[in-house]
Protein chains: 2
Amino acid sequence: MSGTTDVSRADATRARLLEAATGAFAEKGFHGTTTRDIATLAGMSPAALYVHHKSKEELLYLISRTGHERTLALVEAAAASSEDPVEALRRLVHDFAADHAVTHTGARIVNYELAALSPEHFAEIRAIRQRIDRALGDVVERGLATGAFDTPDPRMAGVALLSLGIDIARWYRDDGSWSPQDIGARYAEMALRIVGAG
Amino acid sequence: MSGTTDVSRADATRARLLEAATGAFAEKGFHGTTTRDIATLAGMSPAALYVHHKSKEELLYLISRTGHERTLALVEAAAASSEDPVEALRRLVHDFAADHAVTHTGARIVNYELAALSPEHFAEIRAIRQRIDRALGDVVERGLATGAFDTPDPRMAGVALLSLGIDIARWYRDDGSWSPQDIGARYAEMALRIVGAG
DNA sequence: ACTCGCTAAGTAAGCGCTTAGTCACATAGG
DNA sequence: CCTATGTGACTAAGCGCTTACTTAGCGAGT
């Protein structure tokens with residue numbers, strides 16, 4: 001009982017530190033954030049960070065890996081959600097865009113702080129990104145194969161679709177007038193126009 | 001004459017420092033770049049930077065302002081290049097996308113290092129960005145007014161068009177297989193599909 | 001029941017190092 | 001001699017991270 005309590009308390013502290021790091025990295029970038037910033041945001045002393053994590057870079061890696069894995073799961077689920085390429089792509093772009101809006105702080109780190117990762121961590125993350133690209137590319141190819149899509153350069157269209165979603169992390173603000181669901185729905189329609197479905 | 005020579009030599013040195021800073025900021029970010037990185041890249045001693053520039057932030061500001069002014073000029077020229085909204089938008093997106101590919105190092109700083117600017121410099125830059133947004137928005141509105149475009153949410157379509165171009169700065173590599181002209185042409189076609197022209 | 005030693009969580013202080021920026025001085029052209 | 005250009009040596013401040021230490025809760029031995 002008490003053991004369990006201790007473990008969950010430690011986990012909560014780790015999570016607080018990760019949340020603090022996410023906010024700070026998203027706002028000021030990895031190199032613009034100090035370990036004191038993170039500790040202060042989490043309401044702890046600078047040394048507490050090192051009780052729970054090996055280094056500042058490890059915090060970045062954990063945030064980046066978690067975010068990438070969530071996105072990969074979301075994209076693969078959407079790709080497999082329907083036999084119909086139109087419906088699969090609609091859901092993929094909808095969920096991808098809405099997720100980038102909801103988790104825009106994390107998504108900012110995921111997409112714009114890759115260069116601050118260690119070479120080993122970067123290699124691991126890059127592999128996940130390639131799986132995301134492939135899942136999207138497969139849906140586009142399915143649509144071309146069935147004749148549902150019509151685009152002169154499918155690979156470039158795929159890059160553009162990803163850009164649309166990723167860039168949301170750059171411009172989205174919580175106090176804006178568009179909800180993540182609005183954005184997801186509109187972006188899904190734009191995506192279908194881009195690939196010539198309709 | 002010799003006075004002129006001296007001035008142009010100084011200008012060349014300033015330009016070398018700006019180029020070095022552009023490369024370093026684009027690769028490692030403003031906070032991840034040291035003044036020694038910049039000076040070394042420019043082939044000078046660390047102190048030489050301060051002969052020609054007030055601070056590291058001033059370098060960022062100069063790079064950012066120059067880049068934004070170039071983009072604004074390009075966008076306004078494209079918007080005014082044709083009475084036909086379809087042709088104006090085609091040229092705008094083509095030039096915007098191709099320029100982000102050609103100048104991707106500078107464009108990366110322009111779009112992803114805004115938070116590192118001083119508050120005063122940021123305010124100035126933001127004003128330029130708003131003029132860019134407005135120029136694009138005007139073209140989209142013209143297309144809607146003439147019935148050439150058809151889109152349920154023109155403001156969101158405008159944001160998406162900008163995202164398409166801006167995100168090129170994130171993924172474009174000089175050794176890739178697509179030329180800036182290829183990208184510009186394909187992206188212009190995708191843009192017209194997004195706004196429902198066609 | 002009650003110490004005792006063990007462990008995990010957390011901190012105050014500060015180490016070794018790097019940072020942006022400064023300054024006295026050297027050099028060269030006029 | 002004067003000004004513009006550039007440098008090596010320097011400084012104050014801030015960085016990531018470590019260390020020595022405190023505190024609190026736990027099971028084991030008696």
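Residue numbers start from 1 in every chain, and the chains themselves are labelled A, B, ... in the order their sequence lines are given, proteins ahead of strands. The figures that follow rest on heavy atoms only: side chains count, while hydrogens, waters and symmetry mates do not. What you see is a predicted model; the values in this text were computed from it and never measured.
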Integer-rounded Å distance: [N] [atom2] and [X] [atom1]:
X	N	atom1	atom2	result
Leu49(B)	dG6(D)	CG	C1'	12 Å
Lys54(A)	dT18(D)	NZ	P	10 Å
Met44(B)	dT27(C)	CE	C1'	14 Å

(message) With the threshold set at under 4.0 Å for non-hydrogen atoms, list the residues of residues 56-65 of chain B touching DNA chain D in residue-number order.
(response) none
For the residue pair [X] and [Y], what are the closest heavy atoms and their distance?
X	Y	result
Pro180(B)	Tyr172(B)	CD-OH, 3.5 Å
Gln181(B)	Ala98(B)	NE2-CB, 4.4 Å
Tyr112(B)	Arg170(B)	OH-CB, 3.6 Å

All side-chain contact (heavy atoms from CB on, under 4.5 Å) counterparts of [X], not counting sequence neighbours:
X	result
Ala191(B)	Val93(B), Leu161(B)
Thr33(A)	Ala24(A), Phe25(A), Lys28(A), Asp37(A), Ile38(A)
Leu117(B)	Glu57(B), Leu60(B), Tyr61(B), Ser64(B), Leu114(B), His121(B), Phe122(B), Ile125(B)

(request) Kindly state which residues belonging to residues 15-42 of chain A come within less than 4.0 angstrom of DNA chain C, counting heavy atoms of the residue only, listed by number. (result) Arg36(A)
(request) Side chain of His52(A) only, please: which of dT11(C), dG6(D), dA9(C) is the nearest? (result) dA9(C)
(request) Measure from the side-chain heavy atoms of Tyr50(A) and tell me the nearest of dG6(D), dG16(D), dT11(C). (result) dG16(D)
(message) Is any side-chain heavy atom of Trp178(B) closer than 4.5 Å to one of Arg186(B)?
(response) no
(request) Using a cut-off of strictly less than 4.0 Å, decide whether Ser55(B) has a side-chain nitrogen or oxygen near OP1 or OP2 of dA20(C). (result) no
(request) Identify, with sequence neighbours excluded, every residue that meets ring-ring contact (aromatic ring centres under 6.0 Å, His included) alongside Phe149(B). (result) none
(message) Go nucleotide by nucleotide along DNA chain C from the 5' end; which of Ala47(B) and Pro46(A) gets its closest nucleotide reached first?
(response) Pro46(A)
